[in-house]
Number of protein chains: 2
Amino acid sequence: MTQKKQKVKEQFHLFLTKKRLKATLQRNLILDAFVDLDRPTHMDELYLILRSKHSHIGHATVYRALRLFAAAGIAREFSLGDGLTRYELAGHGKRHDYLVCSDCGTVTEFDNSSIEERQLAVARSMGFTVEALKIELRGVCSRCLTQSG
Amino acid sequence: MTQKKQKVKEQFHLFLTKKRLKATLQRNLILDAFVDLDRPTHMDELYLILRSKHSHIGHATVYRALRLFAAAGIAREFSLGDGLTRYELAGHGKRHDYLVCSDCGTVTEFDNSSIEERQLAVARSMGFTVEALKIELRGVCSRCLTQSG
DNA sequence: AATACAATGACATCCACTTTCATTGAAGAC
DNA sequence: GTCTTCAATGAAAGTGGATGTCATTGTATT
């Protein structure tokens, strides 16, 4: 188990204890799958991964677990406009720069700090107090480009 | 009627003629309301505006009209992750920079052309072929800040 | 005016997500 | 270790935004 995973699991169990909630088998399995995947995902993807190994997990439980992870500060909830609620491991800072492949649908993150500084400056000059910033690029990732070409 | 509105209506009727579709009373009313509002909106907002004056419009018709506007190139469809499909007048270029007020929910656009080139350069350096770019800032707009302070 | 067929709107359906509720199971009490 | 409490689970029902269905209405061409 990686150090990062260890830390996330500790954080989650601390949260459960604090709120007098229970550490169930399902929650552990879902958290493992979520951390192991290590990229932004959504309920259905996790559900399929989990069902392939453990057939006794309901989809409502996966939904509830993901919301719980968000409440625990382990995950961040976001959306890309395709109707699915997505989750990513928190702790990447406040940055939310996504590359969404319009071919395979995979979401990857990238770092764009120099540009964000200027974005924020423009917004502030309009009297807007910025709380969150999201940059979303849609296109074709290098893997899909190679395969189709 | 503004020049812009005139132009949009002409474009729409050209589209209808080309596709052998019909210019109905409802479509005209919906287009008028959409252009007059002059900011990004969604079905329900338009529906309420329209119903307050013309009780003979069904919500399915508003949905269909908005999709038609998008097909005609008059409107652009987008989402902000709140489950609503939003539409804005097209023709602002390919840029989609939104300021979303977390207090009043109003969406305003801002122009950020100097930054686009750098965004694209970063993505391309990762082997990503960019098709669309969306920047979304959440925060409190100057009007809400003044009212609450 | 007559004809053809797109558009409308009430209603049903879809889909992602949430809630309900009877049952199961985790964790503290003893 | 057993008991007790009450949160968690999962199957099924419910929500809400968006879309499909279909009989009827309305537009535009003949």
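The figures that follow rest on heavy atoms only: side chains count, while hydrogens, waters and symmetry mates do not. Letters A, B, ... are given to chains in the order of the sequence lines, protein chains preceding strands, and every chain is numbered from 1.
- If you take NZ of A/Lys19 and P of D/dA8, they are 12 Å apart, rounded to a whole angstrom.
- Nearest-nucleotide mapping onto DNA chain D: of B/His59 and B/Lys22, the residue sitting toward the 5' end is B/His59.
- One atom, CG of A/Leu68, and another, P of D/dA8, lie 7 Å apart when rounded to the nearest Å.
- The nearest heavy atom of DNA chain C to A/Leu84 and to B/Leu16 marks one nucleotide each, and the one closer to the 5' end goes with B/Leu16.
- An OP1 or OP2 oxygen of C/dC17 is reached within less than 4.0 angstrom by a side-chain nitrogen or oxygen of A/Tyr63.
- Under 4.0 angstrom from either OP1 or OP2 of C/dT24 there lies no side-chain N or O belonging to A/Gln26.
- Taking the side chain of A/Ala60 as heavy atoms from C-beta on, and the options C/dT8, C/dA16, D/dA12, the nearest nucleotide is D/dA12.
- Salt bridge B/Arg76/B/Glu88: present, at least one basic N to carboxylate O contact under 4.0 Å.
- In this structure, the side chain of A/Ser102 engages the main chain of A/Gly139 through a donor-acceptor pair within 3.5 Å.
- Atom CG of B/Asp82 is separated from atom P of D/dA18 by 9 Å (rounded to the nearest Å).
- Rounded to whole angstrom, the span from the CZ atom of A/Phe78 across to the P atom of C/dA16 amounts to 17 Å.
- The base of C/dG9 lies close enough to the side chain of B/Arg64 for a donor and an acceptor atom to sit less than 3.5 Å apart.
- A donor-acceptor distance shorter than 3.5 angstrom exists from the side chain of B/Lys134 to the backbone of B/Ser79, with no hydrogens or angles considered.
- Residue A/Arg27 places at least one side-chain N or O under 4.0 Å from the OP1 or OP2 atom of D/dA8.
- Between the CZ atom of B/Arg86 and the P atom of D/dG17 there is a distance of 12 Å, given to the nearest Å.
- The CG-P distance, from A/Leu21 to D/dT5, rounds to 20 Å in whole Å.
- Within the 4.5 Å cutoff, the side chain of A/Lys9 has heavy atoms near those of the A/Asp32 side chain.
- Remark: P of C/dA26 and CG of A/Leu25 are 8 Å apart, rounded to the nearest angstrom.
- Ring planes of A/Tyr98 and A/Phe78: parallel class, angle under 30° (limits at 30 and 60°).
- For the OP1/OP2 pair of D/dT9 and a distance below 4.0 Å, the side-chain nitrogens and oxygens of A/Thr24 include at least one atom meeting the criterion.
- What separates CZ of B/Arg67 from C1' of D/dG17 is a distance of 13 Å, to the nearest Å.
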